[in-house]
Amino acid sequence: MFIHRKASLAQNQSSNIIGEQANGLLNILMKNQHLLESFNSNKKSKDVLADLKIIQPLRKPKSYPVVLKWFECPDVFCKPSEMVVNAENLVGSTMPLFPDLPIEFIQKLNPSCRRIPIAKVFEQLLLLEKSYNEMCKPELHHFVKQIYSFLNEATIDMALIGSMKNRSVVWTGHGFCQPQNIYLNSSNDDIHLEPYLYQLPGEFLYMKNFFQRLGCKECQSPELFVDVQEQIKLHHIQSHSHSTIDYNVLIPVETEVEYQLLLKYIHECAYRSSHWSEDAKVIDEEEPFVVHPDITFASSIGVKSIEEHYLSETGVLDWEQEISLVSRIKSLLKGYRDGLSVPKELIQNADDAGATKVCFLYDERENLDCRTYLLNDKMSECQGPALWVYNNAQFCEADLKNITKVEESTKDLSKIGKFGVGFCSVYNLTDVPSFVSGDIMVFFDPQGSYLMKNKTKGMKIDMKLLRNQRMLHKWSDQFKPFQNIFGCDLSTAGSRIPHFDGTLFRLPLRTQQQSCSELSNIVYSRDEMRTLLEIFIESAGNLLLFTQNVSEIEICHLTEIDTRRKRLIFKVSRNLKWHSPLRFKEDEEDRINHNKVPVLKHCSQKMFNSSDRNANFGTYQYSAEVDMKFKEIGKQFHGQTGKSTKTTWMVSWASGTNECLKQSIQNIGALMLPIAATAAMIEDTNGERIAVPMSNAPHGFYKSGHVFCVLPLPIETPFNFHVSGSFAVTQDRNQLSIETSDAKKRFEFNWNQAVMQDAVVKSLFSLLQSIKENDVKPGKDLHLLWPVSHSRVVDLDIYRAMQDEFIAELVTSNQEVIFQSDLDHWTQFSSCRMLDPQLFNSDIGHIAYRHTLLYLKDRGKILIQMPDWLLNRFTMVCENLLIDSLFSTEMFYEEVFFPLVNQGIISDIDRNKLLLYAVDTNNEKINQFLKNHACFPSTRGILRKPSDIILKQSSLSKLFLPGDGYFLDFSVDQETELRVELFKKLGMMCKSLPDCLIVNRCASVEQLSKKCVYCAMQRCKDMFEYFERHPPKMDNELVNALTKIKFLPVMIKPKNWPFQWEVAGNVEKNKACGPKHKLKHVSPKMLLPQFFTMECPENLYHDDCKDLICCTKLVVYTRGIITKNVDQVLQSLGLKGYDKTGVALDHVVRQIQILIDQCDIETIKSLRPVLETILKWLDNECKRLSDGNEEELKSLLEPLQSSTCLLINDALWSPSQVAFNFDGNCLPYLVGVNQKDTYLSRCKTLLSFLRVKDRYTTNDISKVLLSVKVKLDIKEPINEEQVYQYCSLLNALCMALKDEDIEEGLYPPLKDGEILVPDDENYLHPVHVLCLNDDVEIERSKSMKFVCKHISRAQANILGIKSKKRKKISEHYNEMPFGQTEDLTTRIHKLLEGYPADEGIFKELLQNADDAGATEIHFVTDFNNYSSAKVFDGDFKELQGPSLLVYNNSSFSDNDLKFIQLLGIGSKKNDPTTTGF
């Protein structure tokens, strides 16, 4: 209910407020569409809302035409039931439309929203008619099409149809008119009756039934013509400028008797209108009476002039062109500006008339003697120089009629010109053309300025009529220039009836006097004519290629000087040799007919023969020999320098069989024959007939392909052949009709496209077949005669359609029209193969092509090649069909190249070039082929696989010489940086070598050493540089082989080595290559000893362990190699001794024995580093072998236990004399391995096996001290050195005491005074006599003796020496036993378990005070921290902090002090007066 109320309120309110409410309502309904199905008063909500004004209609879109009004609602809102959706173009101006709402929502409010009222559509159409203007045509045209399409499909009430019949509702292409002024079907005989009668535009013909119902006429008919006349009568009421007089009126006339009055009826009279008629005499009774000269108003009362009398009474009729507007002709002339248009159009008219010969004559005569007796005085301007055009055929009556029509084509299908339109081209030259043909003579004067004073625009004279013959006699000057021109004779002497066997045009050239002509202002002087004829001659050869009848053209010249004889200056003719059909070939004896090409005639006959309409018109093939002759006299006039030539052309005509034929049969489009022709130029070269490019054409022919309509059009094509067809062209014949929005033009474009892709393609195939059958070769260019080109012109739709159709036909048909010039063979596309374009276009493409050609030939296939752009087009047209035709690069190498290489039948140059291209291609499949074939040339002439080749640019190249045969050997240096990378990818060796080559290279070291140790050493270094990058593994066969090859240098004895050194046997003196080594990179700085040798790795030790075994074993010379990881390489080769591993322990023991035996005072310094190295190694070995091998180690090391093998402080010590852990400086009494000789400190394991002490004991040191004391005089002070040595021993003793955990001051020898300690005066005393000088505030007493300054406080404490303070205290108190006798903290801990940390503590203290007799007790908490500077000892410092103070007013007795020491035993248990313990 709420929704209904809101909706009702919305239609009764106004302003913008309700707009928001309405939109809100719609939003609610769209989001809750189920509300529309609810009921209100037995009606669904959607039905109620449909009749309420609740929706704002759609506003006028920006794209809607400005000239069309938009429907304006009287209210802000509309009812949904009155609105429709998506119909702006149909009813946007006549009814409201739904706005942009979801269609499912709209359909619920109005299920009929898509049902558009037909009446509203008609109303929209009427508004379109009312609003139309030319500026908005493109916009409104779209509306019209959509409305007609809608009405055509709609069911319309007859009453509504009837209401439209008198309304302007039919589109004409430029506006609207009533249906009765429109006809539907056209024919060739239709009359142009616009603006009274229009043909329905072609784009609406498919709606023919609708327009018939609307009232449009079926076609033009007599009844329709009567209606048009009535319209003309209504709109154009004729008025005469002169009033007429009744024929019974008499008027004075001339008499032969002076002053005689003679009256005659006006219809029998005529007046003189020109000066020549004043002398005219009456020659017979049929002459009119001449009005008396005093009567000056004769013409105003309806009297005719003498000229008009003859023209009307003798049968000379007004013969004007039907469309006489000068502006129309002038507009046509804009299209005929190429200079060739005039002769071309006249030749075309002659060809259509059946003429075989056409002659042009440039007549320079002024004809001053022929300017008196003329049709009109102004005609004297047209009696001078002229261009004559003759052909040997006569115009028929239809031709005479058609030549007057300017607007449209008037010819049948066997004729290709437009008589009237084409003939208008002559107005470029003249204002008054005329011609005589048979018995008829015609003059044209479009401007009405020359023939008659009454603006007559043309006349036709039938010379068979007697009266016209009289006129020819009376006005003889007018016709005199025709006399004897190409045999023309218009004389009437002796009752002769003038007749001309042929057709002769006279085109008076426009003079300077006529330059103000409305038609053209170009004056044709002698220079202009010479230029015109030059242009004509330059293209004259093209004119006869496709003409049906004309086979000969001549150009003549008649000068002003020699007026009697015309001179031939140029001639072109053709001679045909028919190839097909046979009946034409059989007519060769009939020279005239044999040179005719009656293709259009035959085809048009078939076209209109109902039984043959669907038949193929067949093909017509002939050779045309075009003979061009340049006369010397002509060269002097026109300046052309061309030579006389004979040129042969192959021409083929063929009909379309598909779309072209279909359109022609259905009378669609241009209404022309579905036939076309192509022509290619043929040259005879060295006895061979070859088709050649258009650029080879001689003077007189186009240098490029052109489009013809029998005669050439100024339309170039990118092809090497000419194309002729029944094309629809623009009115000026300069262009083919293009696609536009105009229906007629669009049909014409479609027709042209159909001709190109159907008839022209068929003609091309026919031409290629004819060329093949007549043993003509298309030359080396495969596609010379194909309709393909790389030019952008081919992208035009009309050419592209032809190109694609030709390609499709070529690929799918089995026609053998493809010529392989290299094999001189014709074939079909299915037998062809094409090389990969990338391969063919490469530098080696010709090589690959040559070998593939022979390969495919042996297999019955033909290799052809297309340029990339052509192959791309083939691919776009029929990609799937080309798959089998492409001979890929992979196929070439797999099927052609590698078999040739394997068989050895390809030259080295070809092989190498193809090989390098294959490498550069970097194709995975080809790379695999290359890897598997021995095809790469090496330096020894051997073909190797890539994996067997060494790259010169790699580090491996140093390991080889060219003579080894492992380098690439191309004829030229082709190993570019990029290509080297590709070689690497193929597996050519650049980083690593196979095992066999590694062994080979190592063996080469030994071989080189026999000739040059320097080269051998360099090769060895190179090998180690290689091993640095690729170390050999220890567990493979390679190492096993290398260990037995002598390629490692042996180290000789160093100069600073004073001991024994092992050397190799049989060493010879070094050999060398000389100043230039085979290995060019041998360093000139390399210095080798005089005796130098190589040895196997298995016999060598690493120089790391030379100190361990050099006295008995050979050592490798690593300094000569100098690589970063030489050690690792040697180790990987199995060399013993790397990092001092792999050396036998007994060898090392033997090394020590030899060194010790050979050591003396001079060599002991040299021995030290060596011995240090050996002992460290022995220690590591002991660690490594100690588990489970202790007995064996002890056995091996036993010889060292009794030898002086430990070097300490430049002295050799036996293991039994040394302690390991001793830091003191007690020489010469005590020595430790961890003092100066720190290396021994790292040899604990070894020293333990050698039974070296771990440390000195207190007993050991005490013995030394006592022995020293014995040696010293203790009554006297000892010297400083002795003090230092003695203190060092005491220090060692302190350390031993500490280590043995002997309590300070309790060591018996010290406590008993056996071991003495020096004082500060260097006297020796027992320790209890001495004290520390550690407190400056306590004065030194006489009894105090301070300990020596070299004894530290810590040492003094260990020795039992008191502090100064304790010494002072001991001097002032009596000793009593004090101190807790139970010193175990555990005992105290157990006692505390019975006294928890609570008030019980205070109870105990209170009890003690009470037992002591105290009467008061105080507990004080003191949180202060007091100074610890003056305390008894350092241990008391920790007691200077916070504490609990307990005071009582009694004191402890001695017994109390005594018993407080006792732990666990109560001291008061025997005293009954006390309560504590």
Side-chain angles (χ1 to χ4, degrees), residues 7 10-27 29-30 49-103 105-107 109-154 156 160 163-164 167-172 174-177 741:
Q11 62 181 349
N12 295 324
Q13 298 181 16
S14 59
S15 78
N16 294 332
I17 298 175
I18 62 168
E20 296 181 1
Q21 296 178 348
N23 290 335
L25 175 62
L26 288 178
N27 288 333
L29 292 175
M30 283 189 288
L49 295 174
D51 291 325
L52 295 178
K53 296 180 180 180
I54 60 171
I55 296 181
Q56 287 182 309
L58 179 69
R59 295 183 179 179
K60 184 175 183 179
K62 292 183 179 179
S63 59
Y64 204 74
V66 178
V67 297
L68 270 182
K69 71 167 188 172
W70 184 256
F71 180 79
E72 298 292 342
C73 291
D75 299 319
V76 177
F77 299 93
C78 293
K79 297 178 180 179
S81 60
E82 297 175 348
M83 305 174 75
V84 294
V85 68
N86 295 336
E88 295 90 337
N89 293 357
L90 297 177
V91 293
S93 300
T94 57
M95 67 181 298
L97 303 179
F98 277 105
D100 187 13
L101 297 174
I103 186 63
F105 175 69
I106 293 175
Q107 287 178 330
L109 291 176
N110 182 4
S112 303
C113 62
R114 295 184 183 274
R115 194 175 302 160
I116 302 169
I118 297 175
K120 294 294 184 180
V121 178
F122 269 114
E123 188 178 340
Q124 176 98 345
L125 184 59
L126 292 172
L127 286 174
L128 281 173
E129 184 271 333
K130 185 182 296 184
S131 306
Y132 174 77
N133 62 63
E134 193 66 24
M135 296 297 292
C136 60
K137 175 180 175 180
E139 293 179 286
L140 300 186
H141 179 259
H142 176 66
F143 279 65
V144 172
K145 285 182 65 176
Q146 196 164 343
I147 289 174
Y148 285 163
S149 179
F150 171 82
L151 294 175
N152 180 57
E153 297 175 1
I156 308 175
L160 186 57
S163 66
M164 292 294 124
R167 308 294 294 270
S168 295
V169 293
V170 183
W171 175 259
T172 66
H174 302 285
F176 294 87
C177 71
S741 60

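Side chains are part of it too, since the values below use all heavy atoms of this structure and drop only hydrogens, waters and symmetry mates.
In this structure, W70 contributes its side chain and L58 its backbone to a donor-acceptor pair below 3.5 Å. For S81 (side chain) and A50 (main-chain N/O), a donor-acceptor pair under 3.5 Å exists by modelled atom type. Without hydrogens or angle criteria, S93 side chain to K69 main chain gives a donor-acceptor distance under 3.5 Å. N110 places a side-chain N or O within 3.5 Å of a backbone atom of S112 that can act as its donor or acceptor partner.
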Report all side-chain donor-acceptor pairs from residues 143-154 shorter than 3.5 Å, counting only partners two or more places apart or in another chain.
unit_1, atom_1, unit_2, atom_2, d
Q146, OE1, N89, ND2, 2.7
Y148, OH, V169, O, 2.4
Y148, OH, W171, N, 2.9

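Nearest heavy atoms, E88 versus Q124: O-NE2, 3.6 Å.
Taking the side chain as every heavy atom from C-beta outward, P57 and M83 approach each other to under 4.5 Å. The closest side-chain heavy-atom distance from V84 to L90 is not below 4.5 Å. Put simply, the side chain of L128 reaches to within 4.5 Å of the side chain of F176, judged on heavy atoms.
More than 12 heavy atoms of other residues, nucleotides or ligands sit less than 6.0 Å from atom NZ of K60. More than 12 heavy atoms of other residues, nucleotides or ligands sit less than 6.0 Å from atom CG of N27.
Of the listed residues (I54, L101, L52), just one forms a side-chain contact (heavy atoms from CB on, under 4.5 Å) with P80, and that residue is I54.
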